[in-house]
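Written below as structure tokens is the structure these notes are about.
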Protein chains: 4
Amino acid sequence: MTSVNLRSDNVAGVAPEVMDAIIAANHGSSPSYGSDPLTDGLNAKFGALFGRACFVQPVFTGTATNALSLSLLAPGWGAILCSETAHIHDSECGAVELQTGGAKLVPLRQSDGLIKAEVLEEALTQTRWGNTSVAPPKVLSVAQATELGTVYQPGQLAGLADLAHRFGLKFHMDGARFANAVAHLGCSPAEITCDVGIDVLSFGGTKNGCLCAEAVVCFDEALSEEVRYRARKMGQVASKMRFVSAQLHALLEDNRWLKFAGHANAMATRLSTGLSQLQNVELLHPVDANEVFVSIPEAMRSALTSEGFGFYDRGGGHVRMVTAFNTRAEDVDAFIASAARAQERGDQ
Amino acid sequence: MTSVNLRSDNVAGVAPEVMDAIIAANHGSSPSYGSDPLTDGLNAKFGALFGRACFVQPVFTGTATNALSLSLLAPGWGAILCSETAHIHDSECGAVELQTGGAKLVPLRQSDGLIKAEVLEEALTQTRWGNTSVAPPKVLSVAQATELGTVYQPGQLAGLADLAHRFGLKFHMDGARFANAVAHLGCSPAEITCDVGIDVLSFGGTKNGCLCAEAVVCFDEALSEEVRYRARKMGQVASKMRFVSAQLHALLEDNRWLKFAGHANAMATRLSTGLSQLQNVELLHPVDANEVFVSIPEAMRSALTSEGFGFYDRGGGHVRMVTAFNTRAEDVDAFIASAARAQERGDQ
Amino acid sequence: MTSVNLRSDNVAGVAPEVMDAIIAANHGSSPSYGSDPLTDGLNAKFGALFGRACFVQPVFTGTATNALSLSLLAPGWGAILCSETAHIHDSECGAVELQTGGAKLVPLRQSDGLIKAEVLEEALTQTRWGNTSVAPPKVLSVAQATELGTVYQPGQLAGLADLAHRFGLKFHMDGARFANAVAHLGCSPAEITCDVGIDVLSFGGTKNGCLCAEAVVCFDEALSEEVRYRARKMGQVASKMRFVSAQLHALLEDNRWLKFAGHANAMATRLSTGLSQLQNVELLHPVDANEVFVSIPEAMRSALTSEGFGFYDRGGGHVRMVTAFNTRAEDVDAFIASAARAQERGDQ
Amino acid sequence: MTSVNLRSDNVAGVAPEVMDAIIAANHGSSPSYGSDPLTDGLNAKFGALFGRACFVQPVFTGTATNALSLSLLAPGWGAILCSETAHIHDSECGAVELQTGGAKLVPLRQSDGLIKAEVLEEALTQTRWGNTSVAPPKVLSVAQATELGTVYQPGQLAGLADLAHRFGLKFHMDGARFANAVAHLGCSPAEITCDVGIDVLSFGGTKNGCLCAEAVVCFDEALSEEVRYRARKMGQVASKMRFVSAQLHALLEDNRWLKFAGHANAMATRLSTGLSQLQNVELLHPVDANEVFVSIPEAMRSALTSEGFGFYDRGGGHVRMVTAFNTRAEDVDAFIASAARAQERGDQ
């Protein structure tokens with residue numbers, strides 16, 4: 001039986017180049033807790049990537065990256081504005097609330113996962129500023145790519161940033177799939193981050209071929225002290241950190257991060273193109289990055305499952321497929337073919 | 001020049017057997033966030049080790065293990081009694097205070113790193129119980145092996161447990177070097193944990209040859225819900241958890257965890273035996289596990305450093321050496337020889 | 001010029017009987033921090049009120065009462081279900097998130113401020129139980145009276161309680177205006193609290209004639225240790241507590257709490273009856289307790305304001321009036337008359 | 001039987017002038033949550049007292065004042081240096097740890113309750129700065145008067161401030177008995193606060209004749225936003241705040257705060273002078289303020305107790321007496337006489 005698992009991009013394993021880097025890092029002894037040369041080299045590596053000095057703290061998971069990033073920007077008595085579909089709000093078990101010391105997450109209405117400037121403006125102007133019964137907005141957090149597989153244009157981010165800054169908010173980007181966004185836009189990484197006023201970026205590695213490597217990228221170097229201590233306080237400072245940093249180096253070298261993400265995006269497009277030609281399959285959101293959301297009939301879902309194709313069932317007839325750095329075109333095609341067969345059989 | 005780094009056991013790399021297990025885990029796709037078969041198998045593996053059902057939560061670091069373990073046992077309004085040398089108190093940047101929601105750490109007087117029953121009893125009887133100005137003791141936490149390289153005898157732990165339970169405290173063990181303690185005692189793992197009333201054990205893997213793998217071992221299975229959610233809230237739930245769990249499996253298989261620790265212990269004994277024969281070198285604590293604490297003359301310290309031997313300078317003429325699973329006997333001997341040469345030269 | 005302030009019930013002063021009790025408590029010395037006889041007598045007083053043993057912790061404010069109550073019931077890794085209009089969610093600046101150690105508030109759809117059983121059931125059945133990315137519901141919190149001035153019937157509460165208990169949730173009641181609810185229902189206090197499974201009640205005093213006195217009423221006496229320590233940790237344990245407890249005694253004596261609330265309710269009914277006879281004034285919610293929500297024309301709002309009548313402008317043409325223990329019937333009538341004049345003038 | 005209670009200064013009631021002010025505040029309606037004129041006038045009142053603009057947040061208790069003050073100065077990842085006898089460390093149930101989001105309290109060696117400059121310097125120079133395993137010192141907190149009844153000279157505070165600032169620390173003063181310190185020194189309030197670099201002062205009112213009124217005094221007005229929101233988050237924003245603010249006004253008017261404290265100090269001196277002439281009674285600390293610490297024989301303690309004199313038994317033969325704004329000279333003399341009788345009888 002086929003076994004093609006598109007349930008998430010984190011069901012994939014580790015990219016060979018990343019694994020090789022882990023193995024290569026395993027020689028001799030090395031200073032612990034981040035004093036090793038590989039970790040030391042991360043600031044320069046990311047600095048070159050963004051064309052700008054920055055401070056990089058490697059951590060283990062996406063939830064940690066976001067909670068740590070937001071704890072740098074949001075005071076415990078403030079609020080964080082985010083999309084109602086934000087991962088930080090509905091899928092991280094309140095990590096942000098704990099690690100910030102009680103900050104309040106305020107979900108905003110979204111369209112295809114994107115926060116529109118007018119929605120943000122409405123939220124900011126309607127805030128009862130100065131009334132201590134309501135935690136004042138202090139941070140705007142957007143996901144790029146979003147949780148619904150769409151990607152903000154640089155101009156949209158600039159518009160949000162203008163609003164955020166006008167009201168005194170800091171700006172955070174959840175980049176669990178940052179590479180997919182950059183690959184989609186074909187822009188420079190800086191164009192959608194530091195250039196538009198992002199203060200801290202959660203840079204994702206694990207979904208893009210790493211084993212357990214994410215990075216908190218601080219474009220304000222004044223945060224370098226706090227980020228290090230807070231990482232420790234969260235149990236996110238690896239004693240053998242060279243093995244985490246090695247993954248990030250491997251990912252950035254040879255432009256691999258974009259190649260991996262570009263491949264995943266292409267596979268998602270291939271999948272959505274194929275599926276959307278089927279009757280009864282409705283594409284729910286534009287496919288900018290590596291996620292495909294469709295509405296499909298119950299019988300088609302069953303058929304796919306029984307033929308060994310994995311996806312994420314979101315209820316209400318909606319399913320999500322996520323492609324990864326190593327998703328194979330033939331598997332995508334087999335997925336489409338299985339769905340097509342179900343349709344031909346008249347599965348309802 | 002020689003390069004023998006005994007600064008800590010976490011300057012060592014990853015044991016080949018563990019690395020092989022990581023590589024072996026990297027095939028195909030696998031459910032994420034701990035739903036994979038390797039993670040699923042941990043409860044049975046540790047259950048067999050301790051001869052008792054338990055729930056195991058893999059996490060990335062020792063600080064995370066301790067903070068998570070203690071958040072299960074200590075209410076935010078309680079106090080945690082520990083040794084004044086406890087890692088949780090002086091070396092984890094207040095992780096416990098944050099992750100427990102404000103619990104108070106109360107350091108107790110220690111002897112060679114060990115809390116004596118009479119000291120614990122004095123603390124418990126002198127507590128102003130019921131006076132809300134003082135956070136009431138709710139947990140006793142001991143390190144086994146201790147931060148000073150000593151090991152509690154089973155009877156000592158039983159004595160502490162009796163006292164703790166009589167006053168209604170839970171009992172936590174920081175086992176960052178648990179393997180070294182078991183190897184030293186030659187006892188079963190259960191004898192110094194569940195059999196004496198330990199509620200939750202921080203089981204260390206990273207210092208003992210893993211890349212980034214520790215385990216919160218709950219002997220009270222009723223904690224299995226809470227530990228999973230709290231781990232997530234701390235950003236400690238690996239999306240590709242199979243690679244963390246694979247490390248723990250590799251460590252436990254073939255009794256490797258004890259072989260590795262036994263070797264490290266033997267190297268520490270070899271080192272302390274050699275050094276203690278030198279005049280002007282004073283052994284500061286018994287060497288039960290894999291740590292050696294000595295007082296040595298300044299000139300000897302300089303000579304060792306200049307000859308490429310690494311150790312941890314604790315100030316006041318005191319240094320610490322820690323041996324690991326892969327410390328070589330010839331390197332230990334070279335270390336001793338270097339010290340001996342310094343002494344012969346009359347280095348002060 | 002008239003000055004009738006119906007902006008909230010906390011703009012009122014202190015009832016004379018309560019002030020007298022404060023003055024009477026000011027003789028001689030008294031043990032501090034709650035060891036005084038007045039505080040000691042609270043358990044019996046509330047026990048008699050509810051016909052059931054309970055433990056009572058006096059605190060200073062409504063926000064403190066709610067945050068403290070919920071910290072007893074909700075683990076930091078859990079979620080608290082509440083109405084989307086809940087004061088704990090939108091008007092307490094994230095106090096609950098901080099004092100619980102990061103619990104997540106999940107707002108539910110409401111009708112006139114009330115959570116319907118089917119809405120709760122839908123939320124509970126659709127929860128992805130066991131998925132650690134989502135904080136699991138552990139507490140249901142309802143306000144009685146609600147923030148929109150409506151009151152749950154005992155049967156409605158019993159229905160919610162059944163659901164909550166079936167899914168393992170604790171049940172909290174925000175009774176900032178509990179007296180108004182009891183006065184409206186004409187039931188016993190127990191019928192809508194301990195009898196239907198409320199675990200902890202936030203009992204409000206300040207809005208009902210006290211200076212600064214609220215009570216956390218624990219129907220589960222096992223919480224008596226935790227509530228005392230947590231109150232201290234929040235800075236809510238008065239050193240001269242006799243003066244807080246004296247207020248609660250004065251409120252409960254002679255059935256004053258119900259007389260005060262009954263009067264406030266009657267004034268609200270008088271106001272809503274009068275206003276709803278005016279054209280262009282639309283009553284937005286049933287007036288069960290002491291709050292009146294209406295939609296009125298802009299010009300009428302301006303006229304009322306310019307004539308010295310205070311109310312709370314909620315935006316969008318909606319205003320709120322709240323009556324108190326000392327609201328005078330002639331002032332209510334004057335309010336109505338002012339609105340009527342504005343209508344006659346054709347104010348738009 | 002006599003009943004003279006010197007157990008603490010918070011066993012006393014409310015000064016008549018303060019009670020009168022509370023009663024006077026009880027007329028008409030008033031904006032809630034601190035928008036009333038009395039609260040509004042506090043900044044000017046304290047500004048005049050300190051000869052400098054400041055922002056004042058009234059709260060209910062000393063523990064709240066300290067926890068709130070420190071949450072403004074200490075990041076959750078930092079450490080707060082204080083005396084080993086500090087109330088914030090050993091008598092506030094971990095309120096600081098919770099309200100700061102996990103800051104670490106580091107107790108320093110003290111002499112008669114005072115932190116010496118050399119002790120602070122040693123702590124600061126020995127800190128392993130930059131090592132993330134240790135929370136870095138970010139705040140120095142001193143009590144003035146100290147918990148042992150002594151008072152820092154302005155020059156001593158200036159010395160501590162110099163050190164603190166040189167290492168980048170903020171400076172907090174726990175002034176639960178600030179009035180007693182100023183009365184003792186005869187200096188201006190500014191001389192020992194803003195003039196020596198205190199950033200935030202916990203100004204005590206309750207022990208000095210108020211019912212429940214303390215103030216967080218921020219000499220850095222930039223803290224005015226944060227202090228208001230954090231107070232709310234702690235449930236410390238009184239809805240009927242005029243009644244809290246009225247107490248502070250009454251205390252400051254007519255220089256009452258210093259008269260009250262001066263009287264208490266004089267009574268403490270009278271008591272310590274009398275007692276220290278008795279054989280077998282040993283004065284343990286200088287009596288600068290309103291607290292007297294002595295070592296007295298067991299039999300004398302029993303005799304005093306049986307004759308109705310209250311004091312605080314600290315164990316080990318040590319007792320504490322605290323005088324208040326309303327302690328009567330004849331009661332002090334009766335206390336001394338009772339002790340003298342016990343000595344004459346040869347009580348051991």
The interface call for B:Glu226 against chain C, heavy-atom contacts under 4.5 Å, is both
B:Arg228 side chain vs C:Gly130 backbone, donor-acceptor pair below 3.5 Å
yes
Does a side-chain heavy-atom distance below 4.5 Å link B:Pro136 with C:Tyr229?
yes
Spacing of B:Thr132 atom OG1 and C:Gln57 atom CD [to the nearest 0.5 Å]:
8.0 Å
Does anything in residues 58-79 of chain B reach chain C? List residues with heavy atoms under 4.5 Å apart, or say none.
B:Gly76, B:Trp77
If you count heavy-atom pairs under 4.5 Å between each of C:Gly102, C:Ser35, C:Gly101 and chain B, which one has the most?
C:Gly102
Among B:Thr100, B:Leu98, B:Asn131, B:Val237, which residue forms the greatest number of heavy-atom pairs with chain C at distances under 4.5 Å?
B:Asn131
Residue by residue, scan residues 164-173 of chain C and write down, ordered by number, those that have a heavy-atom distance under 4.5 Å to chain B; if none do, write 'none'.
none
